[in-house]
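Read through the structure below, which is laid out as structure tokens, and then see the notes.
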Amino acid sequence: SSSSSSSSVDANKTNKKAAIVVLSSKNFQTEVLESGINMVIEFYAPWCHHCRTFAPVYQELADELTSSNIRFGSVDGTQESISIEGFNDIQGYPTVKVVTAARSEERR
């Protein structure tokens with residue numbers, strides 16, 4: 001029988017900080033639309049007070065929920081322009097959008 005040691009569990013928790021994928025106009029297509037997995041995406045602005053308040057909450061969600069079925073990403077809306085329908089109409093920050101695996105598959 002195989003058993004997991006508590007040290008490997010602790011190591012996994014430490015490594016989870018890299019859960020949020022930094023998205024840009026260059027990698028959005030491959031990381032989101034062609035990935036085949038569900039993705040939660042936060043559009044933010046560095047100067048936005050609400051975004052700064054939301055950041056640790058978003059990181060905690062990513063740490064807890066990232067799995068083989070769901071990933072988390074973020075887009076700096078002041079630096080990146082995503083010219084894909086449904087993502088090019090961000091009106092305020094933070095904005096959170098969800099792309100389902102089914103939608104991701106559809107756009108391939």
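Applying the salt bridge (Lys or Arg N to Asp or Glu O under 4.0 Å) test to every pair with at least one member in residues 22-31, sequence neighbours left out, gives these pairs: E31-R71.
In this structure, the separation between CZ on F28 and OG on S35 is 10.0 Å, given to the nearest 0.5 Å. Distance check: Q29 CD to I84 CD1 gives 5.0 Å after rounding to the nearest 0.5 Å.
Under the rule for a salt bridge (charged side-chain N to carboxylate O under 4.0 Å, His left out), E80 has no partner lying at least two apart in sequence or in another chain. With sequence neighbours left out, S24 forms a side-chain hydrogen bond (donor to acceptor under 3.5 Å, both in side chains) with N27.
Residue V22 is not grouped with residue Y58 when hydrophobic side chains (ILVMFWY) are merged at heavy-atom distances under 4.5 angstrom, including chains of intermediate members.
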Which donor-acceptor pairs under 3.5 Å do side chains of residues 41-56 form with protein atoms, sequence neighbours excluded?
residue : atom : partner : partner atom : Å
R52     : NH1  : P46     : O            : 3.0
R52     : NH1  : W47     : O            : 3.3
T53     : OG1  : H49     : O            : 3.0

Listing, residues 87-95 side-chain donor-acceptor contacts under 3.5 Å, not counting sequence neighbours, or none:
residue : atom : partner : partner atom : Å
Q91     : NE2  : D89     : O            : 3.3
Y93     : OH   : G77     : O            : 3.3
T95     : OG1  : G92     : O            : 2.4

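Without hydrogens or angle criteria, T66 side chain to D63 main chain gives no donor-acceptor distance under 3.5 Å. The backbone N or O of M39 lies less than 3.5 Å from no partner atom in the side chain of K97, so there is not a single donor-acceptor pair.
Summarising the geometry of L23 relative to G73, their closest heavy-atom pair is CD1-CA, 4.0 Å, with the distance given to 0.1 Å. The shortest non-hydrogen separation linking I20 to S74 is CG2-OG, 3.7 Å.
Between the side chains of S67 and N69, no donor N or O sits under 3.5 Å from an acceptor N or O.
Side chains of V99 and N38 form no contact here, defined as non-hydrogen atoms less than 4.5 Å apart.
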